[in-house]
Amino acid sequence: MGHTATEQAGSGGLTATEHRLANGLRVVLSEDHLTPVAAVCLWYDVGSRHEVKGRTGLAHLFEHLMFQGSAQVSGNGHFELVQGAGGSLNGTTSFERTNYFETMPAHELELALWLEADRMGSLLTALDDECLENQRDVVKNERRQRYDNVPYGTAFEKLTAMAYPEGHPYHHTPIGSMADLDAASLEDARAFFRTYYAPNNAVLSVVGDIDPEQTLAWVEKYFGSIPSHDGKQPPRDGTLPDVIGGQLREVVEEDVPSRALMAAYRLPHDGTREADAADLALTVLGGGESSRLYNRLVRRDRSAVAAGFGLLRLAGAPSLGWLDVKTSGGVEVPGIERAVDEELARFAAEGPTPEEMERAQAQLEREWLDRLATVSGRADELCRFAVLFGDPQLALSAVRRVLDITPEEVQAVAKARLRPDNRAVLVYEPTESNDAADTEEGQADQ
């Protein structure tokens with residue numbers, strides 16, 4: 001089945017066609033003959049929200065296992081073949097999806113499609129204990145490098161656990177815990193693959209210098225015989241009250257460069273006008289060096305060296321507004337927090353100025369254009385809107401919805417949500433380094 005490409009208002013002239021194979025695989029094609037490249041993007045509708053207690057991290061572990069070989073591509077062959085053909089590739093995991101992507105010279109498109117189909121259809125043929133142990137160690141090392149052994153590295157994990165209560169599907173982050181990674185068995189991995197890595201649980205987008213008819217023929221040839229699977233359970237309900245109802249707080253004493261104030265505010269679900277209004281509010285307040293918080297804390301008060309406020313958009317649970325302020329010198333966090341609350345209260349009372357509104361909308365429009373300007377970015381956006389909202393065409397008109405938001409809507413979401421009783425707060429207090437302690441001891445001995 002096909003869907004006619006129609007140019008939508010506000011789409012910048014971009015078009016996309018939709019197709020569905022008999023096994024349920026959704027396919028989205030978008031022609032762009034500006035450069036001789038093609039992007040392949042495959043989103044599986046599985047992320048950390050689908051995991052159960054005691055088996056966290058499986059979605060991310062499987063992202064790595066997908067690069068460990070399949071029936072006809074052994075070991076590191078996927079990387080070698082793509083890079084040998086002049087392409088680039090990677091994969092990522094989030095709360096709500098796992099994706100894999102290649103950008104290829106246009107004449108090598110068939111290779112990328114064959115590679116993705118081979119591992120979707122035959123990964124279990126190559127999956128064994130050696131592969132599992134190898135990638136288990138890689139993921140554990142990634143956790144050490146990105147979370148456990150870097151300054152402020154556990155902030156995301158800690159704030160997420162506070163913002164989403166115990167038992168909530170978003171309570172844990174995609175990286176998973178060391179204990180759960182150790183506990184994952186080969187049969188756990190195989191069951192996970194059979195459940196989620198099926199064509200009827202995926203969206204494939206191909207964008208760039210393509211012949212749609214030939215591309216669809218290749219997709220049918222390589223993906224069409226892969227059987228569907230009906231064992232997937234829907235993710236657990238992520239619904240929560242609009243407001244947390246009280247401030248949650250944790251103080252962390254670690255060897256960090258400076259004190260820090262971080263906070264997560266519960267905000268509307270992605271895909272709603274309220275989420276777009278929240279995005280604009282956070283852009284005015286903390287989106288770059290022209291924002292209110294940057295001007296107040298960094299430029300005027302000089303109490304901080306960095307101040308940002310951004311939106312983590314989530315479709316299956318409340319989105320989160322992420323506040324991140326690093327203090328200057330010996331500045332204490334309570335003074336920073338008072339200044340932040342003053343700015344949020346003033347914004348809730350007055351709303352954005354016309355100039356702020358125009359600048360914030362232009363900033364989000366530029367970000368949207370940046371994403372859709374590259375074939376890989378557009379392929380990713382088409383998959384995102386297909387998987388999370390059921391309609392890839394929404395990706396082409398997303399900016400129009402942001403530009404339709406009024407100042408009153410921005411003020412309303414700020415007044416309702418950017419409140420002290422609707423946030424989880426993390427305060428970092430530096431500990432003295434061992435070097436400093438040793439120096440002091442040496443001076444005392446003298």
Side-chain angles (χ1 to χ4, degrees), residues 159 162-163 240-249 260-270 272-304 306-314 318-328 331-365 367 401-427:
L159 280 173
M162 284 195 283
L240 288 170
D242 287 350
V243 176
I244 293 174
Q247 185 171 211
L248 307 173
R249 180 177 292 266
L261 171 67
M262 302 184 188
Y265 291 76
R266 190 177 290 175
L267 294 174
H269 290 237
D270 193 15
T272 63
R273 285 185 67 91
E274 292 80 9
D276 289 335
D279 206 351
L280 287 165
L282 300 192
T283 301
V284 171
L285 288 164
E289 296 184 5
S290 63
S291 66
R292 290 195 182 193
L293 290 175
Y294 191 93
N295 278 321
R296 168 71 185 272
L297 298 171
V298 180
R299 285 205 172 99
R300 197 194 88 178
D301 296 352
R302 297 187 178 180
S303 57
F309 209 176
L311 182 65
L312 173 62
R313 287 178 175 263
L314 295 169
S319 301
L320 292 180
W322 288 89
L323 174 73
D324 186 351
V325 181
K326 305 295 194 309
T327 68
S328 297
V331 174
E332 301 281 346
V333 168
I336 293 281
E337 196 166 358
R338 282 193 298 272
V340 168
D341 286 342
E342 286 173 12
E343 293 300 322
L344 297 190
R346 183 164 68 89
F347 187 75
E350 301 172 1
T353 66
E355 293 78 12
E356 286 176 327
M357 192 71 182
E358 182 180 2
R359 187 165 58 242
Q361 288 178 317
Q363 186 170 330
L364 294 185
E365 181 179 21
E367 293 171 2
R401 295 186 291 277
V402 172
L403 298 179
D404 284 344
I405 300 298
T406 66
E408 291 75 22
E409 289 175 289
V410 174
Q411 181 181 2
V413 76
K415 187 175 182 179
R417 302 296 192 102
L418 300 182
R419 302 163 15 184
D421 66 344
N422 187 37
R423 69 184 177 203
V425 176
L426 202 58
V427 175

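Keep in mind that the numbers below use all heavy atoms, side chains included, and drop hydrogens, waters and symmetry copies. Values in this document were obtained by computation on a predicted structure and should not be read as measured data.
- The distance from the CG atom of Leu285 to the CG atom of Leu418 is 6.5 Å, given to the nearest 0.5 Å.
- Closest heavy-atom contact between Leu311 and Ala275: CD2-O, 3.7 Å.
- When all heavy atoms are compared, the tightest approach of Leu159 to Ala264 is CD2-N, 4.1 Å.
- Annotation: salt bridge (Lys or Arg N to Asp or Glu O under 4.0 Å) contacts of Glu355 (sequence neighbours excluded): none.
- For the side-chain hydrogen bond (donor to acceptor under 3.5 Å, both in side chains) test, residues two or more places apart in sequence or in another chain that qualify with Arg423 are Gln247, Tyr265, Glu337, Asp341.
- Contacts of Ser290 classified as side-chain hydrogen bond (donor to acceptor under 3.5 Å, both in side chains), with partners at least two apart in sequence or in another chain: Arg359.
- Taking both residues in full, the closest heavy atoms of Asn422 and Ile244 are given as OD1-N, 2.9 Å, listed atom of the first, atom of the second, then distance.
- Without hydrogens or angle criteria, Glu409 side chain to Arg273 main chain gives no donor-acceptor distance under 3.5 Å.
- Annotation for Arg338: atom CZ does not count as buried by contact number, only 12 or fewer foreign heavy atoms lying within 6.0 Å.
- In this structure a side-chain-to-backbone donor-acceptor pair under 3.5 Å is missing from Asp324 to Gly308.
- Contact record, Tyr294 with Gly288: CB-O, 3.6 Å, taken as the closest heavy-atom pair.
- Applying the side-chain hydrogen bond (donor to acceptor under 3.5 Å, both in side chains) rule to Glu274 yields no partners; only residues at least two apart in sequence or on another chain are considered.
- In this structure, Phe347 CZ and Leu282 CG are separated by 8.5 Å, a value rounded to the nearest 0.5 Å.
- Here Glu358 pairs with nothing under the salt bridge (Lys or Arg N to Asp or Glu O under 4.0 Å) rule; sequence neighbours left out.
- No side-chain heavy atom of Pro352 sits less than 4.5 Å from a side-chain heavy atom of Leu280.
- Looking only at side-chain heavy atoms (C-beta outward), Val325 and Leu293 stay at 4.5 Å or farther from each other.
- Considering all non-hydrogen atoms of both residues, Thr283 and Ser291 come closest at O-CB, 4.0 Å.
- Distance check: Arg313 CZ to Asp276 CG gives 4.5 Å after rounding to the nearest 0.5 Å.
- Not one N or O on the side chain of Asp421 forms a donor-acceptor pair closer than 3.5 Å with the backbone of Gly245.
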I would like to know whether Val402 and Glu365 meet side-chain contact (heavy atoms from CB on, under 4.5 Å); could you show each step before the answer? CA-CA 8 Å; Val402 172; Glu365 181 179 21; over 6 Å; no
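- More than 12 heavy atoms of other residues, nucleotides or ligands sit less than 6.0 Å from atom CZ of Arg249.
- Taking the side-chain hydrogen bond (donor to acceptor under 3.5 Å, both in side chains) definition, one finds that Gln361 meets it with nothing, sequence neighbours left out.
- Taking CG from Leu261 and NZ from Lys326, the interatomic distance works out to 10.0 Å, rounded to the nearest 0.5 Å.
- Residues Met357 and Val410 share a closest heavy-atom pair of CE-CG2, 3.7 Å.
- Rounding to the nearest 0.5 angstrom, the gap separating the CZ atom in Arg296 from the CD atom in Glu343 is 5.0 Å.
- Side-chain N or O atoms of Ser319 include one that pairs as donor or acceptor with a backbone N or O of Leu314 at under 3.5 Å.
- Between Arg266 and Asp242 no salt bridge is recorded (no basic side-chain N to carboxylate O distance below 4.0 Å).
- Atom-to-atom distance recorded for Arg299:CZ and Glu289:CD is 5.5 Å, nearest 0.5 angstrom.
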